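Everything quoted here is computed from the prediction, not taken from an experiment. Atoms within each ligand, like the ligands themselves, are counted from 1 in listed order.
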Amino acid sequence: MQSINDLIVRGATVTHRGQTEVCDLWVCDGRVERLEPEVALPSGATPREIDGRGLWLLPGVIDSHVHFRDPGFPAKGTMHSESRAAVAGGVTTVFDMPNTLPPTMDEESWTDKMRRARQRMWTNYAFYAGVHAERWQDALRIDPTQIPGYTDDGLYMHERDVLLCNHPEVLEKVLLEVPKMLALHCEDEQRIQQQLLEAQRSFGVDLPVRVHSQIRDEEACVTATQRVLEVQRSVPRPVHVLHISTAREVQLIRAAAAEGQPVTAELCVHHATFSQGDYGRLGAAIRWNPSVKASTDRDYLRQAAARGWMATLATDHAPHRWSEKGGPYHCGCSGAPSVQHLLVQALEWVHDGEWTLPQLVQLTSHGVADHFGLRDRGFLDPGCWADFVLVDPLGGTEVRPDTSYYACGWSPWERKRFRSRVVATFVNGCEAFNADQRLWAPAAPGLSCLFNPTA
Ligand SMILES: [Zn+2]
């Protein structure tokens with residue numbers, strides 16, 4: 001009998017494990033059965049056939065850094081709305097950050113999020129355990145085999161000055177206690193406050209948004225990352241430095257890793273796309289924490305990723321209503337929606353010859369799965385879950401409000417025309433999104449992710 005999850009994609013150009021070649025992908029019961037140049041089906045097998053000729057088939061994107069705002073901020077986004085945008089962009093798995101309401105900092109809030117996700121997520125999912133300088137022991141009761149790691153990311157949204165980089169004595173204790181990777185937001189609070197006062201002296205109270213990159217400047221990031229690396233030298237437990245925005249931090253992390261410190265870097269798509277020169281054109285739409293920096297930093301980050309110096313490419317998808325972005329500087333929110341546009345933006349760098357397809361797949365799928373010890377995902381080997389995306393390399397994507405599916409209804413890429421187009425996204429072997437039919441299939445629910453205990 002044909003199950004809804006049985007299908008075969010014929011003749012697509014598949015990028016997998018460093019190779020790009022024309023292959024057939026046969027999926028049975030949601031998992032990869034075979035990936036071969038020409039799959040000969042056994043008699044009696046009648047899977048749905050999909051013509052992949054002329055299309056690129058890539059493992060689904062694993063976005064290890066999203067803020068879906070659920071529970072707590074439905075006007076910004078929900079698990080349902082943002083994971084729907086994610087599958088429309090070729091993302092099949094997301095790891096969501098803990099700055100929801102209540103924040104995901106104990107077993108109860110984490111269990112509640114898992115329960116909510118079962119009915120709402122189109123993608124596969126996992127939730128970080130939140131830790132910060134004033135509260136971190138509660139997170140230790142959450143099952144470590146079901147979380148990607150521990151993080152302080154975003155938790156400063158509710159309370160100021162709780163990032164672990166600013167409290168080295170607490171960071172040391174946390175590193176000793178947490179049983180798996182700690183993902184950190186590194187910006188020095190003292191430097192930021194000092195730069196803010198300086199900016200107010202020059203501009204008065206109503207600051208233009210472009211000073212965001214002077215307030216949250218290179219020094220703020222470098223000082224914080226340096227401090228984290230110093231602590232980690234005496235407690236060599238795994239640290240993943242999130243959203244690296246400066247060339248100097250990449251160099252610091254490389255040097256520490258070369259000395260044997262278990263430290264890795266995350267690149268976010270916006271830091272590789274925009275720079276402070278874009279504020280004039282895009283204003284508050286490109287206000288992020290950490291801020292976008294000089295164009296030389298932006299270009300360096302892309303090159304660093306191509307050289308394998310970045311472990312993961314993520315979005316830091318962080319939607320806000322447009323009304324929360326603009327207005328006076330001190331009221332404006334940092335963060336922007338991006339989960340639908342990571343893949344088409346990254347494919348631009350492939351078209352430009354800056355990245356190869358295998359490098360892209362390493363950063364978005366293979367490398368992420370390996371880095372987090374994700375079980376049966378991120379690859380298309382027989383037995384793995386069939387999470388993949390079909391791309392028309394020259395199909396074109398124009399970013400417009402009616403084709404962006406974020407609940408907040410805007411995008412920093414508004415009016416941008418990408419060369420590629422996501423044609424269809426498959427989650428656990430089900431077609432979760434089809435661009436031609438503008439269709440999300442209800443039969444394609446995401447599943448919670450499992451991690452290898454040793455990772
Ligand atoms: Zn974040």
query = Which N, O or S atom name in D316 marks its closest approach to the Zn ion (ligand 1)?
reply = OD1
query = Between H270 and D316, is any side-chain donor less than 3.5 angstrom from a side-chain acceptor?
reply = no
note = Only residue of T151, T312, L184 satisfying side-chain contact (heavy atoms from CB on, under 4.5 Å) with L242 is T151
inquiry  = Hydrogens and angles aside, do N289 and H185 bring a side-chain donor and acceptor to less than 3.5 Å of each other?
reply    = no
ask   = Taking the six-membered ring for Trp, are the ring centroids of H317 and Y406 within less than 6.0 Å of each other?
value = yes
Minimum-distance atom from the Zn ion (ligand 1) among N, O or S atoms of D153 = OD2
ask   = Nearest to the Zn ion (ligand 1), which N, O or S atom of H65 do we find?
value = NE2
query = Do you see an N/O/S atom of H67, backbone or side chain, under 2.8 Å from the Zn ion (ligand 1)?
reply = yes
